[in-house]
K.L.:
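Below is the structure I would like to discuss, written out as structure tokens.
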Amino acid sequence: MMEKLSTEQVRRLEDVKANYEEIVGSIEKAAVKSGRKPEDITFLAATKTVEPEIINYAISLGLKKIGENRVQELLSKYDDYDLENADLQFIGHLQKNKVRQIIGKVSMIQSVDSVKLAEEISKQSVKNNLITDVLIEVNIGREENKSGIMQEQADEILAEIAGFEGLKVRGLMSVPPICDSKQDIFKYFDKMYKMFIDISSKKMDNISMDFLSMGMSDDYSEAILSGANMIRVGSALFGTRIYR
Ligand SMILES: *Cc1c(COP(=O)(O)O)cnc(C)c1O
């Protein structure tokens, strides 16, 4: 139970509520426009830098999925998330030596970008008698400073990972380059969608293409129109991030 909020805090919650409703409305529109149902689209909130109280308020509004992108931050907030009503995922770059710390705490790791990382997730999951869902992160813009596998490596990497115990590939994730025009961003989203469909049609054992996770605050409608069924939205929901 929250007590006496300051005017500033009340305003913050009102903003989050208005933003939440706006995003849900936009998701609905884009879903219908792309021939799908609103409930076919998973709205995950990217919660980096956001205090658990605010995250839990968004959960009270109906938000069902949250994603953190730093292990340290996730662990420090872990006991305060309302995980009875929402599901926690990992969406950031993950170092092999930190896998152990989040296995069993997150339902999905969206950012698998190497066979070595998948191997460690497999090992730690087996040790804990768990199956961890993962997405393969694709560096669709071939950017040097970004994580993710290259498009042409996908078949080989998937074939290798498919054999790992304790891990199940559930789809693809991408963070495309920042684009000046909508036309450019559609180009990357379309490439991802094509890849998603191509891999789907190969029907590989232990690989299912259930989720195509792409689209953030500035472009989630475009992502949905291009075929995304999971979007990861941070600042459009919680406001501009303040890094401390
Ligand atoms: C922060 C983050 C997002 C959300 O970014 P916004 O532009 O604030 O919506 C999405 N995906 C990942 C991996 C992130 O780290």
Side-chain angles (χ1 to χ4, degrees), residues 12 15-16 18-27 30 41-52 54-55 57-59 61 63-77 81 86-95 98-99 102 105-114 117 121 133-141 143 145-149 170-182 184-185 188-189 192 196 211-226 228-244:
R12 179 103 195 267
D15 284 347
V16 169
N19 293 341
Y20 181 79
E21 284 163 4
E22 190 183 327
I23 295 165
V24 168
S26 302
I27 292 173
I41 313 296
T42 302
F43 172 11
L44 177 141
T47 51
K48 56 179 173 277
T49 78
V50 181
E51 308 90 311
I54 307 281
I55 299 170
Y57 175 70
I59 293 171
L61 300 173
L63 180 71
K64 296 278 187 306
K65 313 252 174 209
I66 59 175
E68 288 288 352
N69 71 337
R70 292 194 199 92
V71 170
Q72 218 45 50
E73 183 175 346
L74 182 150
L75 295 175
S76 74
K77 286 150 80 174
Y81 300 122
D87 167 55
L88 175 64
Q89 306 195 1
F90 193 78
I91 62 175
H93 181 66
L94 182 57
Q95 284 170 289
K98 294 196 171 155
V99 168
I102 62 166
K105 290 194 164 66
V106 296
S107 67
M108 181 142 81
I109 297 174
Q110 293 206 7
S111 38
V112 171
D113 57 2
S114 71
L117 177 60
I121 294 170
D133 284 344
V134 304
L135 302 183
I136 303 301
E137 181 173 359
V138 182
N139 184 350
I140 199 67
E143 292 171 282
N145 52 1
K146 227 174 230 174
S147 331
I149 65 164
R170 300 290 306 275
L172 304 178
M173 181 269 221
S174 189
V175 184
I178 293 170
C179 295
D180 294 330
S181 76
K182 295 288 179 201
D184 287 346
I185 192 73
Y188 293 113
F189 287 152
M192 282 301 302
F196 181 71
F211 297 105
L212 176 58
S213 171
M214 60 184 190
M216 318 203 299
S217 289
D218 291 334
D219 52 23
Y220 64 86
S221 290
E222 287 81 5
I224 294 169
L225 292 175
S226 303
N229 61 10
M230 185 187 290
I231 56 168
R232 308 177 311 271
V233 177
S235 46
L237 176 60
F238 297 115
T240 309
R241 274 184 291 278
I242 302 158
Y243 289 94
R244 283 169 219 277

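Since the structure is predicted, the reported quantities are computational estimates derived from the model, not experimental observations. Every number for a ligand or one of its atoms is a count from 1 in the order of the listing. Computed from heavy atoms alone, side chains included, the values below leave out hydrogens, waters and symmetry copies.
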K.L.:
Under 4.0 Å from ligand 1, counting heavy atoms only, is it the side chain of Asn69, its backbone, both or neither?
P.N.:
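The part of Asn69 near ligand 1 is the side chain, not the backbone.
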K.L.:
When you measure from atom 9 (O) of ligand 1 to every protein heavy atom, which one gives the shortest distance, and what is it?
P.N.:
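Ranked first by proximity to atom 9 (O) of ligand 1 is Ser217 OG, 2.5 Å.
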K.L.:
I need the nearest protein heavy-atom contact for atom 11 (N) of ligand 1: residue, atom name and distance, please.
P.N.:
Arg232 NE, 2.9 Å
K.L.:
Do the side chains of Met173 and Met108 get nearer than 4.5 Å, heavy atoms only?
P.N.:
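Met108 vs Met173: side chains apart.
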K.L.:
Measuring only between side-chain heavy atoms, which start at C-beta, is Val106 closer than 4.5 Å to Glu68?
P.N.:
no
K.L.:
So which protein heavy atom does atom 13 (C) of ligand 1 come closest to, and at what separation?
P.N.:
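Looking only at protein heavy atoms, the one closest to atom 13 (C) of ligand 1 is Ile91 O, 3.4 Å.
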K.L.:
Can you tell me the protein heavy atom closest to atom 10 (C) of ligand 1 and the distance?
P.N.:
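Going atom by atom, the protein heavy atom closest to atom 10 (C) of ligand 1 ends up being Met216 SD, 3.1 Å.
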K.L.:
Please examine the side chains of Ile109 and Leu117, heavy atoms only from C-beta on, and report whether any two atoms are closer than 4.5 Å.
P.N.:
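Contact flag for Leu117/Ile109 side chains = no.
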K.L.:
Answer with side chain, backbone, both or neither: which part of Ser235 has a heavy atom less than 4.0 angstrom from an atom of ligand 1?
P.N.:
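The answer is both.
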K.L.:
For residues Ser226 and Met214, determine if any side-chain heavy atom of one lies less than 4.5 Å from a side-chain heavy atom of the other.
P.N.:
yes
K.L.:
Of all the non-hydrogen atoms in the protein, which one sits nearest to atom 15 (O) of ligand 1, and at what distance?
P.N.:
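Checked against all protein heavy atoms, atom 15 (O) of ligand 1 sits closest to Lys48 NZ, 2.6 Å.
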K.L.:
Of all the heavy atoms in Gln110, does at least one lie under 4.0 Å from an atom in ligand 1?
P.N.:
no
K.L.:
Are Glu137 and Ser147 linked by a side-chain donor-acceptor pair shorter than 3.5 Å?
P.N.:
no
K.L.:
Sub-3.5 Å donor-acceptor pair from the side chain of Asn69 to the main-chain atoms of Ile91, do we have one?
P.N.:
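Not at all, since once roles are kept as given, no pair shorter than 3.5 Å links the two residues.
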K.L.:
Say whether, by atom type as modelled, one donor and one acceptor occur between the side chain of Ser235 and the main chain of Arg241 under 3.5 angstrom.
P.N.:
no
K.L.:
In terms of atom number and element, which parts of ligand 1 are under 4.0 angstrom from non-hydrogen atoms of Val233?
P.N.:
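This gives 9 (O) as the contact atoms.
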